[in-house]
Asks: 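Dumping the structure here so I can ask a few things about it.
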Amino acid sequence: MRSDTIHSRNDIDLNNSIFSGQTFRWTNIERDHQKYISIIDGNVLIVEQETPSSLRILSQPVQNQNEISRDRLNDYFSLDIDPLECFPLSFRTRYPELWQLLLPYRGIRVLRQDAFETLVTFMCAQGIGMHIIRRQIDTICSRFGRKHTIEVNGKPVSFFSFPSAETLAGADPAELKICTNNNCLRASNIISAARAVSSGSLELNALADPSRNLEEIRETLCGLKGVGLKIADCVMLFGLHRFDAFPVDTHVHQYLGHWFSLPGALKSLSRKTYLTLQKEALDILSPRYAGFAGHLLFHCWRRDIRHMTSF
DNA sequence: TCCCAGGCCCTAC
DNA sequence: GTAGGGCATGGG
């Protein structure tokens, strides 16, 4: 297994940052040592904290694929981005108390994840708690993904990769329903989305072109059954690596009212309210990094104000 | 028991 | 255009 170390200008806290919610595919295998495992680009990766600003990564390619490069890891963990610089000076001066509250969250990264995996993940995240979402993804992987067993400190550890679009396109709806919290409609929608991707009628790679217009991408994604504004924005932020995409979920809806007193936050989150709130948020945050900044606000809100511990 | 959790969609008005 | 209910389950 190859070992590598990647560094960041900022502190990185694995337990409190990278894995705090934006991905459901990293699993803690050694809580005492903060050791996590996942599969990225056909490589089994084990990540642990080396120093406050560096990660030690053990990687092993699966199925004779090439080893993952250091550049790719820096890209995946978005170490090219300084989270605090995602907030404009106007924000820092206008909201000094909130700014102080955000400083401990400087280690939070928005991972540049796989688009299809992100799409399915957020299709599983409708109106239910974080632990059920994680359970759904775990079950999808264990039933439809490929099993990999590697050795960690002399002990075998088994892990499942996320299934391909082709695999989910051919999934039995009754079996997928077991994975989607018994929700038939959700299972059916995921199969439809997988068929769109595997048949080529939905080209996620083309949507990842950074020169493309956000609204145009969102319109395409919203053409899928079971995908609305929020899920489309999450796919753009986490799966298409568009840090300018700003999803408004129930928590964002709440903090936009609490911290910024946006009048739209008092209304229910209809399509119209969603778009209004999003536009108003972009006036407060830097448009280029609104989604990245929003992710720090999201976790700060959940942990410091709502005192939620799950992620 | 009740409310809400990283929503979406359909119906009634 | 907006409000309300269904989908589903579990934790606080």
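Since the structure is predicted, the reported quantities are computational estimates derived from the model, not experimental observations. Residue numbers start from 1 in every chain, and the chains themselves are labelled A, B, ... in the order their sequence lines are given, proteins ahead of strands.
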Asks: Looking at every strand, decide which applies to A:Thr180 at a 4.0 Å heavy-atom threshold: base, sugar-phosphate, or nothing.
Replies: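 If one applies the 4.0 Å heavy-atom cut-off, A:Thr180 turns out to touch nothing in the nucleic acid.
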Asks: What is the distance, to the nearest angstrom, from the CD1 atom on A:Ile305 to the P atom on B:dG6?
Replies: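 Between P of B:dG6 and CD1 of A:Ile305: 16 Å.
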Asks: Tell me the interatomic distance from A:Lys225, atom NZ, to B:dC10, atom P, rounded to whole angstroms.
Replies: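 Result: 10 Å.
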Asks: Take the protein atom CG of A:Leu269 and the nucleotide atom P of B:dA5, then report the distance between them rounded to whole Å.
Replies: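 It is 12 Å, rounded to the nearest whole Å.
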Asks: Would you mind checking if A:Lys230 and A:Asp233 are paired as a salt bridge, meaning a charged N to carboxylate O distance below 4.0 Å?
Replies: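 Result for this pair is no, no salt bridge flagged.
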Asks: Hydrophobic clusters here meaning ILVMFWY residues chained together by side-chain heavy-atom distances under 4.5 Å, can you tell me if A:Leu101 and A:Met308 are in one?
Replies: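 No, A:Leu101 and A:Met308 fall in different hydrophobic clusters.
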Asks: Between C:dG5 and B:dC4, how far apart are the C1' atoms? Round to whole Å, please.
Replies: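 Approximately 16 Å lies between the C1' atom of B:dC4 and that of C:dG5.
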Asks: What interatomic distance, in whole Å, is found between P of B:dC10 and the corresponding atom of C:dA8?
Replies: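 Between the two P atoms, the distance is 15 Å.
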Asks: Nearest whole angstrom, please: distance from the C1' of B:dC9 to the CG of A:Leu229.
Replies: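 Rounded to the whole Å, the gap is 13 Å.
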Asks: Taking the same atom, C1', in B:dG6 and in C:dG1, what whole-Å distance lies between them?
Replies: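 Per the computed distance, 25 Å lies between those C1' atoms.
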Asks: Could you tell me whether the side chains of A:Ser69 and A:Asp71 share a donor-acceptor contact shorter than 3.5 Å?
Replies: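 Side chains of A:Ser69 and A:Asp71: no pair found under 3.5 Å.
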Asks: Is A:Thr250 near enough to B:dA5 that one of its side-chain N or O atoms lies under 4.0 angstrom from OP1 or OP2?
Replies: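 Looking at the OP1 and OP2 atoms of B:dA5, one of them is under 4.0 Å from a side-chain N or O of A:Thr250.
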Asks: At less than 4.0 Å, is any side-chain N or O atom of A:Arg306 found next to OP1 or OP2 of B:dA5? Yes or no.
Replies: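 Yes, because at least one side-chain N or O of A:Arg306 sits under 4.0 Å from OP1 or OP2 of B:dA5.
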Asks: Is a salt bridge present between A:Arg70 and A:Asp4, judged by a nitrogen-to-oxygen distance below 4.0 Å?
Replies: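 A:Asp4 and A:Arg70: salt-bridged.
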Asks: Indicate yes or no for a side-chain donor-acceptor contact from A:Ser201 to the backbone of A:Ala196 under 3.5 Å, with no hydrogens or angles considered.
Replies: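 Answer holds: yes.
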Asks: Would you mind building the protein contact string for nucleotides 4-12 of chain C? One character per nucleotide, 5' to 3', B for base within reach (heavy atoms under 4.0 Å), S for sugar-phosphate only, - for untouched.
Replies: ----BBSS-
Asks: Can you tell me the distance, in whole Å, between the OH atom of A:Tyr274 and the C1' atom of B:dG7?
Replies: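 Going from A:Tyr274 (OH) to B:dG7 (C1'), I get 10 Å.
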Asks: Does A:His251 or A:Val227 map to a spot on DNA chain B nearer the 5' end, using the closest nucleotide for each?
Replies: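 Its nucleotide being nearer the 5' end, the pick is A:His251.
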Asks: Sub-3.5 Å donor-acceptor pair from the side chain of A:Tyr289 to the main-chain atoms of A:Asp244, do we have one?
Replies: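 Answer holds: no.
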Asks: Between B:dC8 atom P and A:Ile133 atom CD1, what is the distance in whole Å?
Replies: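 The distance from CD1 of A:Ile133 to P of B:dC8 comes to 12 Å, rounded to the nearest Å.
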Asks: Does the pair A:Asp80/A:Arg9 count as a salt bridge with the N-to-O cut at 4.0 Å?
Replies: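 No.
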Asks: Check every strand shown and say whether A:Gln254 touches a base, only sugar-phosphate, or nothing at a heavy-atom separation below 4.0 Å.
Replies: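 Sugar-phosphate contact only - A:Gln254 comes under 4.0 Å of backbone atoms but never of a base.
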Asks: Please give, in whole Å, the distance from B:dA5 P to A:Trp301 CH2?
Replies: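 From A:Trp301 CH2 to B:dA5 P: 10 Å.
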Asks: Given atom CZ of A:Phe246 and atom P of B:dG6, what is their separation to the nearest angstrom?
Replies: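 For the pair A:Phe246 CZ and B:dG6 P, the rounded distance is 16 Å.
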Asks: Under 4.0 Å between any heavy atoms, over every strand shown, what does A:Met123 touch: base, sugar-phosphate, or nothing? Just pick one.
Replies: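 No contact.
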